There are 2 protein chains.
Amino acid sequence: MSAPDKGGDRQGWRALREIIHERILSGAYPPGARLPRDADLAEQLGCARATVQRAMRALADDGLIERKRKGGSRVLAHPVTRATFDIPVAREEVEATGRAYGYQLVARDIAQTPHSVAAAMGLDAPERMLRAQALHLADRRPFMYEDRWISLATVPEIVDVDLTRESANEWLLAHRPYSRCTLRFSAANATPAQAELLGTRPGDALFVIERCTWLGSAPITCVTALAPPGYALTTEA
Amino acid sequence: MSAPDKGGDRQGWRALREIIHERILSGAYPPGARLPRDADLAEQLGCARATVQRAMRALADDGLIERKRKGGSRVLAHPVTRATFDIPVAREEVEATGRAYGYQLVARDIAQTPHSVAAAMGLDAPERMLRAQALHLADRRPFMYEDRWISLATVPEIVDVDLTRESANEWLLAHRPYSRCTLRFSAANATPAQAELLGTRPGDALFVIERCTWLGSAPITCVTALAPPGYALTTEA
DNA sequence: AACAGTAATATGTACGCACATATTTTGTCA
DNA sequence: TGACAAAATATGTGCGTACATATTACTGTT
C-alpha cells in the first residue's frame, strides 16, 4: 500500500528535529515557507504526532520556526540568533578555569539608594538599603568588582551576616532564592576608583553586568558587576 | 480512601511548574534537597506522570533543578542565572524602537584573514575571504559598526552581491542558513578610526559582539560588531 | 459590501501505558 | 577488602487517544 516508514530509521525526537532541520538548511523548506502539518509529518516519517510535536517544539524554542494554533508551522524568514548564557557565581566561574578564587569586601554601609537603583528595582522612591562593594579574585588578581544594594525591607537578616567572610551573592543564593531576574550587559569606561580596584587604567573598557532580583514583587538585590579588559561572555547557539 | 486530587485545581503543566517552583521558593524543597519522584508527585497532585515530567523538564531547562536518570531530581544548590538573548538583525533592532533604519557600506575588499579570524573560524591557515565593513544607522546616527569576513570557499556567490545596497548579514540570512553559531560579548576601547565611524570619541567603551557561523563544518562568516556607548543588551531570566 | 456569528482546522495539552536508558545499589566471588 | 556483575530504580522516550484552544475561513444577514 503506502510507505508508512519512509523517514527511515525510526529514531527519537532528536533525530526528527535533525531531519526537519536538515530540510530547512537544504532549502526543502525555505525561509518563510509553511511546513506540513504535524499529523502529515508524523505519517510521512512513521511516528506518532506527539513525537513530531516534541521535535517541532524544540525547533520553535531554538527560534528556527514559528508555530501558530491554526496557521500551522512556518520557517522564520528572519531567524533571530537565540543564545542562552549561564551566568555562574563568581567563585565557580573562577574555579572552572582552574584558578584559585579569592574574595575581598571593599566597603559596607547602609545608605539611601540613588534614584537609578530605586528605579531599576521598581521602587517609587529611594530606600535605605545595605550597600556592599566587593572584589572577586582569580589567582590573587582582580577578576570582577561588584557594587551591590540589598533591600533591608525584604532581607533584614543581611545586616547580621559577616560579609567580610562570605560573598553577599553566595549568601543570598543560599538563603533567598529569587523568582524574577533582570539582566543588562553593556560597556563602560573605568573611573579612576574602579581602575584602581580592578588593577587597570582609568578609561579602560569594562564589561558591565547589571542584575536585579525579586522574590515575587519584593526586590531583593540589585548589583552592578564590572569586569576588567579580557573578560568575555561566550556561548554557542 | 485517599485524596487523589490534593494539589487542588487540576490545571496544566504550567500550573504544576508554578506549584513546584513555589515549594522551592518557600523552602519546602530547600537548595540541594531531593524532590519526590515524578510518580509520587503525580499521585500527590492528581495528574499523570507525563504532566509532571513536562513541568520538571521545564524547571530543569530554567536551571532550577537537576535531573538524573536514577538519582532523581534535586534542587540546585547554586542555581545559575540562565538568560536567553535574542540577537536580532540590526534593521529589526532599530525599527523595533521606532527609528528609521539606514545602512552604509564602508569598505569592501578581498584579502587574507588575520590569524585570529582564521582561528575563530576553525581554519588551519588564513584564507582569502571577502571583507565587508559597514555601518548600521538609526535615525541617521551610527547605531552599530560591523567588520565582517565571509568565506569565499563556502559562499562564492557573495562576490556578485551588491553590498552597497544590501547588508551582508541580511543577504546571508536569506540565502545561507547556518547550523552552528558562536557568540562572544566583550568590551573594548574605541580606536580613533572606530570612533570616527561611530561618532564617538577615541577610547570610549564599546560593546563588542563577535559572531561566527557555520553550515555543517564549513565556515560561513565571522563578524565583529561594535556598538557605541549607550548600547545595552537586556533580558529577563 | 460590511459585519457578525459559526464552522473548520492545526497546534497545545493531558492521560495511561509500555519500554528504553542511565545510574545507583546490592550482591557475589576472588 | 576490593573488584566486578547483576538487580533495582527514577527518569527519558514513544504511541494512541481524547479533548482544549486559538485562529482562520466561511456563511448568512443586514
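Note that the structure is a prediction, hence the values are computed from the model and not measured. Chain letters run A, B, ... following the sequence lines, proteins first, then strands; residues in each count from 1. Note: hydrogens, waters and symmetry copies are ignored here, and every other heavy atom, side chains too, is used.
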Mind listing the side-chain donor-acceptor pairs of residues 61-72 of chain B below 3.5 Å, one per line with the distance, residues two or more places apart or on another chain?
residue : atom : partner : partner atom : Å
B/Arg67 : NH1  : B/Asp38 : OD1          : 3.2
B/Arg67 : NH1  : B/Ser73 : OG           : 2.8
B/Arg67 : NH2  : B/Asp38 : OD2          : 2.6

How long is the line joining [atom1] of [X] and [atom2] of [N], in whole Å?
X: A/Leu45; N: D/dC15; atom1: CG; atom2: P; result: 11 Å
X: A/Glu66; N: C/dA10; atom1: CD; atom2: C1'; result: 14 Å
X: A/Arg14; N: C/dT21; atom1: CZ; atom2: P; result: 13 Å
X: A/Arg74; N: D/dT23; atom1: CZ; atom2: P; result: 15 Å
X: B/Asp38; N: C/dC17; atom1: CG; atom2: C1'; result: 16 Å
X: B/Asp40; N: D/dA10; atom1: CG; atom2: P; result: 8 Å

Aromatic ring pairing A/Phe207/A/Phe185, orientation class (parallel under 30°, perpendicular over 60°, tilted between):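 Aromatic pair A/Phe207/A/Phe185 classed tilted.
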B/Phe143 and B/Tyr231 aromatic ring geometry - parallel, tilted or perpendicular at 30°/60° bounds: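 Geometry flag for B/Phe143 against B/Tyr231: perpendicular rings.
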Touch class at under 4.0 angstrom, heavy-atom based, for B/Gly72 against every strand present: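 It contacts sugar-phosphate atoms only.
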Check: B/Ser151 and B/Ile220 side chains under 4.5 Å, non-hydrogen atoms: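 Counting from C-beta outward, B/Ile220 and B/Ser151 never come under 4.5 Å.
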Nucleic acid contacts - residues 51-64 of chain B versus DNA chain C, non-hydrogen atoms under 4.0 Å: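 DNA chain C contact set from residues 51-64 of chain B: B/Thr51, B/Arg54.
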Residue that, paired with B/Val75, satisfies side chain to side chain contact (heavy atoms under 4.5 Å, CB included) out of B/Leu35, B/Leu59, B/Ile20: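 For B/Val75, the side chain to side chain contact (heavy atoms under 4.5 Å, CB included) test succeeds with only one of B/Leu35, B/Leu59, B/Ile20, which is B/Leu35.
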Measuring to OP1 and OP2 of [N], would you say a side-chain N or O of [X] lies under 4.0 angstrom away?
X: B/Ser73; N: D/dA10; value: no
X: A/Arg49; N: C/dT11; value: no
X: A/Lys68; N: D/dT24; value: yes

A/Ala50 or A/Gly71, whichever maps to the more 5' nucleotide of DNA chain D: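 The 5'-side residue here is A/Ala50.
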Listed once per pair and sorted, the side chain to side chain donor-acceptor pair (under 3.5 Å) pairs that draw on residues 24-35 of chain B, sequence neighbours left out: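 Every pair satisfying side chain to side chain donor-acceptor pair (under 3.5 Å) with a residue in residues 24-35 of chain B: B/Arg23-B/Tyr29.
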side-chain contact (heavy atoms from CB on, under 4.5 Å) against B/Asp160, all qualifying residues, sequence neighbours excluded: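 B/Asp160 satisfies side-chain contact (heavy atoms from CB on, under 4.5 Å) with no other residue.
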Can you check nucleotides 7-9 of chain D for protein contacts, nitrogen or oxygen pairs under 3.5 Å, and list what you find?
residue : atom : partner : partner atom : Å
D/dT9   : O4'  : B/Lys70 : NZ           : 2.9

Point-to-point distance, once rounded to the nearest 0.5 Å, from CZ of B/Arg211 to CD1 of B/Ile209: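 These two atoms lie 7.5 Å from each other.
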Can you list, pair by pair, the side-chain donor-acceptor contacts under 3.5 Å of residues 95-104 of chain B, counting residues two or more places apart and other chains?
residue  : atom : partner  : partner atom : Å
B/Thr97  : OG1  : B/Val94  : O            : 2.7
B/Thr97  : OG1  : B/Arg99  : NE           : 2.9
B/Thr97  : OG1  : B/Arg99  : NH2          : 3.3
B/Tyr101 : OH   : B/His136 : ND1          : 2.7
B/Tyr103 : OH   : B/Leu163 : O            : 2.8

